[in-house]
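Structure record follows, encoded as C-alpha cells.
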Amino acid sequence: MNRSKVLALILLALVIAFSMMLPGIDGYFQHDQYVKWLKGSPPVWQGSLKIWHINTWQTGYGAFSTHLKNVFSGFEKSHYGVFVDVEGLTPEEASAKLQRGELPDILSFGMGYIKEPEGFLQDIDEYDGLREPLARSATFKGKTYARPYALGGYLLLINEEICSSLDIDMAYDWPDTEWFNETMNRLETVPDDEEAEKLDPDIAPIAFVADEYRIAQASLAASLGSAVQIKDANTELGHEDFVKGKAALYVCGAQDIAMMEKDSEKNPLPAYSALPLAGYTDMVQYVGITAGIEEDKRFVCKEALDYLLEQKNQMMLGDIGAIPVLQMDEPSMQEEHLSALEEAYCYRIGVPNAFSLKADIGEARKYLSGNDGWRTLCEKIETFVVTEK
C-alpha cells in the first residue's frame, strides 16, 4: 500500500472518531440534538418578557427605553427562546393600561411613581455591590422591591457674566459653604456705596428648577449643610429663564443643561460654570418585577435584572447621559458636567426613599413655606435622605 493511501485511511479514521465524540451525531437524523448542543441548554422558561419604562425624568441626551432595548438585545442572545419587548410610556399612559388590567413583567420607573409597592411589585433580594444609600432607597416595610440602575443629578450653574460684574470669585470644582455664603451675601446685599455695582432687582440671586417629581432645593441643602445662608429659596424658574439672564445662580438637573445646549442655536447660552451637587438626588431609575408571575418566569426576570447591572451594561448608560449606580473602573461620561457629577458621587451620595418621594417633596415644600424656611429644610433634610454612614 502506497504512502498516500495510508494517509487517507488515517485521515478517514480521525474524522470518524471525531464525529463519534460530538453529542447527538449518529447521522443526519439527530440534527435537532446537534443544534441543541450548539445553542446550549434552554432557560427554565421561554417566551416574551414585557418591560414598561415609565418616563418620570429624562437625561436629555437619550431615552431610557432605547438603552433598555440595546441592553436586552444581548440578554436575548444569551437566553435562547426569551424575547424582550420594551415599551416607553408616560405615567398617564401607564395608568390607563393598568386600569384596563394590563401588566408588564418588569417595570422601569423613577422615584415617586409608586407609593406602595406591596402587592404590585415582587420583593427581591438586594444586589451585592450597591452602595448603602442606593440599596436602602428601594425598601418598603423592611423588604426590597426594586433595584436602582441609573442616576441623574443636580448642578449649581453660575452665570459668569453677572457674577464677574459684581467681582464674585468663581468656583471651578464643587461649591463649599464658605464660598457659597460669600457669593449669596454679595448677591443679596445692597451695597452702601451708591456707585458700587449691585444686582439688578429683576435678576434673582438664586433660582431652582421646578418639577412634580423633583425638589432641587434639597440638593443644595443636603450638599452644603445647615450653615448655608439663603434669604429666599422659593424662586423657581425654567431653564429658559436662566438662559435669559434672570438668575445669577441656578440649581437644575443635568437634563436641563442638555436642553439648554440643544436650544443654544436659537437662544445663545450665557457663559456659565456648572458645579456638581452630590449630597442628594431624586433622579434615580429603578427596575422591579411585578407580583403574581409564575416561578420559572420570575427566575428569568431576576436574571434580566442582574444582567442590567453588569459592568458592561452600566457603561452603556453613558450613551444616554445617565450615570451608573455602580462605581466604574473607568469614567463612563463624556460631557464635562456629567463626568464631574459621576466623580462627586464616588465620594458622597444621598437619596430619598423611592416610594415616599412625593410625601418627602410635600414636607420639604412645607418647610420652605414657613418662617425661616431655608434653615428648617437644611435641618430636616436628614430625616428623609439616606446617606452613607
- Message: Donor-acceptor pair, distance only, cut-off 3.5 Å: does the side chain of D241 make one with the backbone of G238?
- Response: yes
- Message: With side-chain contact (heavy atoms from CB on, under 4.5 Å) as the criterion, how do E76 and V82 come out once you've worked through the C-alpha distance, each side chain's angles and the decisive distance to 0.1 Å?
- Response: CA-CA 6 Å; E76 289 175 332; V82 175; 5.6 Å; no
- Query: Given R214 and D256, is the salt bridge (charged side-chain N to carboxylate O under 4.0 Å, His left out) satisfied, shown in steps?
  - Reply: CA-CA 12 Å; R214 297 187 281 167; D256 299 297; 3.2 Å; yes
- Task: Treating Ile, Leu, Val, Met, Phe, Trp and Tyr as nodes and any side-chain heavy-atom pair under 4.5 angstrom as an edge, say whether F83 and W45 lie in one connected cluster.
- Result: no
- Linked, directly or transitively: I323 and M259 (ILVMFWY side chains, under 4.5 Å): no
- Message: For Y61 and L338: C-alpha separation, side-chain torsions, deciding distance, then whether side-chain contact (heavy atoms from CB on, under 4.5 Å) applies.
- Response: CA-CA 11 Å; Y61 293 96; L338 288 172; 3.8 Å; yes
- Pairs involving residues 353-377, ordered by first then second residue, that meet salt bridge (Lys or Arg N to Asp or Glu O under 4.0 Å) (sequence neighbours left out): E212-K358, E236-R365, E363-K366, D372-R375, R375-E379
- Message: Could you check whether any side-chain heavy atom of V287 comes within less than 4.5 Å of a side-chain heavy atom of L309, counting everything from C-beta outward?
- Response: no
- Do any N or O atoms from the side chain of T281 and from the backbone of V351 form a donor-acceptor pair under 3.5 angstrom? no
- Query: Do Y272 and F242 have side-chain heavy atoms sitting under 4.5 Å apart?
  - Reply: yes
- Taking side chain as C-beta onward, heavy atoms only, is L134 less than 4.5 Å from L151? yes
- Message: Check the orientation of F355 and F140. Use parallel for under 30°, tilted for 30 to 60°, and perpendicular for over 60°.
- Response: perpendicular
- Message: Could you check whether any side-chain N or O of Q46 sits under 3.5 Å from a backbone N or O of Y80, counting only pairs where one atom can act as donor and the other as acceptor?
- Response: yes
- Rounded to the nearest 0.5 angstrom, the OG1-CD1 distance for T56 and I54 is 8.5 Å
- Query: Which residue pairs satisfy the side-chain hydrogen bond (donor to acceptor under 3.5 Å, both in side chains) criterion with at least one member in residues 64-75, sequence neighbours excluded?
  - Reply: none
- Side chains of Y154 and D282: is there a donor and an acceptor less than 3.5 Å apart? yes
- Given N185, which of N181, T189, T183 fulfils the side-chain hydrogen bond (donor to acceptor under 3.5 Å, both in side chains) condition? T189
- Sub-3.5 Å donor-acceptor pair from the side chain of N353 to the main-chain atoms of T139, do we have one? yes
- Task: Measure the OG-CG distance between S219 and L155 for me, rounded to the nearest 0.5 Å.
- Result: 9.0 Å
- Message: To check you understand the geometry: which heavy-atom pair defines the closest contact between A227 and T177, and what is its length?
- Response: CB-CG2, 3.8 Å
- Query: Could you give the distance from CG (N234) to CH2 (W374), rounded to the nearest 0.5 Å?
  - Reply: 10.0 Å
- Closest heavy-atom pair and its distance - A222, R348: O-NH2, 2.7 Å
- Could you check W57 against F109 for ring-ring contact (aromatic ring centres under 6.0 Å, His included), going step by step and ending with a plain yes or no? CA-CA 9 Å; W57 67 279; F109 62 97; over 10 Å; no
- Item | Heavy atoms of other groups near E336 CD, more than 12 under 6.0 Å | no
- Query: So does Q311 have more than 12 non-hydrogen atoms from other groups sitting under 6.0 Å from CD?
  - Reply: yes
- Query: Going through the distances and angles, do I206 and L187 end up as a side-chain contact (heavy atoms from CB on, under 4.5 Å)?
  - Reply: CA-CA 9 Å; I206 187 168; L187 291 169; over 6 Å; no
- Query: Is there a side chain to side chain donor-acceptor pair (under 3.5 Å) between T290 and Q122 once you walk through the steps?
  - Reply: CA-CA 5 Å; T290 52; Q122 176 70 43; over 6 Å; no
- Item | Option among M315, E310, R131, Q314 that satisfies the side chain to side chain contact (heavy atoms under 4.5 Å, CB included) test with L326 | Q314
- Item | From CZ (R186) to CD1 (I168), nearest 0.5 Å | 6.5 Å
- Task: Using a 4.5 Å cut-off on heavy atoms from C-beta on, say whether the side chain of P270 contacts that of E160.
- Result: no
- Message: Could you tell me if the side chain of P104 sits less than 4.5 Å from the side chain of E87, heavy atoms only?
- Response: no
- Minimal heavy-atom distance between N159 and G245, with the atoms involved, is ND2-CA, 4.2 Å
- Item | Interatomic spacing from OG in S165 to CG in L199 - rounded to 0.5 Å | 7.5 Å
- Query: What's the verdict on side-chain contact (heavy atoms from CB on, under 4.5 Å) for Y347 and E343, showing C-alpha distance, side-chain angles and the deciding distance?
  - Reply: CA-CA 7 Å; Y347 297 98; E343 182 181 357; 4.1 Å; yes
- Message: Between L98 and L103, is there a side-chain heavy-atom distance shorter than 4.5 Å?
- Response: yes
- Assess whether atom CD of E161 is packed by more than 12 heavy atoms of other residues, nucleotides or ligands within 6.0 Å. no
- Message: For the NZ atom on K380, are there more than 12 heavy atoms of other groups (residues, nucleotides or ligands in this structure) within a distance under 6.0 Å?
- Response: no
- Judged by modelled atom types alone, do Y286 and S137 share a side-chain donor-acceptor pair under 3.5 Å? yes
- Item | Exercise: identify the closest heavy-atom pair between W52 and A94 | CZ3-O, 4.1 Å
- Query: Which one of Y113, F72, Y149, F64 satisfies the ring-ring contact (aromatic ring centres under 6.0 Å, His included) criterion with H53?
  - Reply: F64
- Which atom pair, heavy atoms only, marks the closest approach of T59 to A258? O-CB, 4.1 Å
- Note on the structure: The complete set of side-chain hydrogen bond (donor to acceptor under 3.5 Å, both in side chains) pairs with one or both residues in residues 299-309, sequence neighbours excluded, reads H79-E303, R147-D306, K302-D306
- Would you mind reporting whether V84 and F75 have side-chain heavy atoms less than 4.5 Å apart? yes
- Task: Kindly give the heavy-atom pair with the smallest separation between T235 and A204, and that separation in Å.
- Result: CG2-CB, 4.0 Å
- Message: Using salt bridge (charged side-chain N to carboxylate O under 4.0 Å, His left out), reason through K297 and D105 one step at a time and then give a plain yes or no.
- Response: CA-CA 9 Å; K297 188 176 187 179; D105 302 305; 2.9 Å; yes
- Do Y213 and I361 have side-chain heavy atoms sitting under 4.5 Å apart? no
- Give a yes or no on whether the backbone of A359 and the side-chain of S356 come within a donor-acceptor separation of less than 3.5 Å. no
- Note on the structure: dist S273:OG -> M170:CE (nearest 0.5 Å) comes out at 6.5 Å
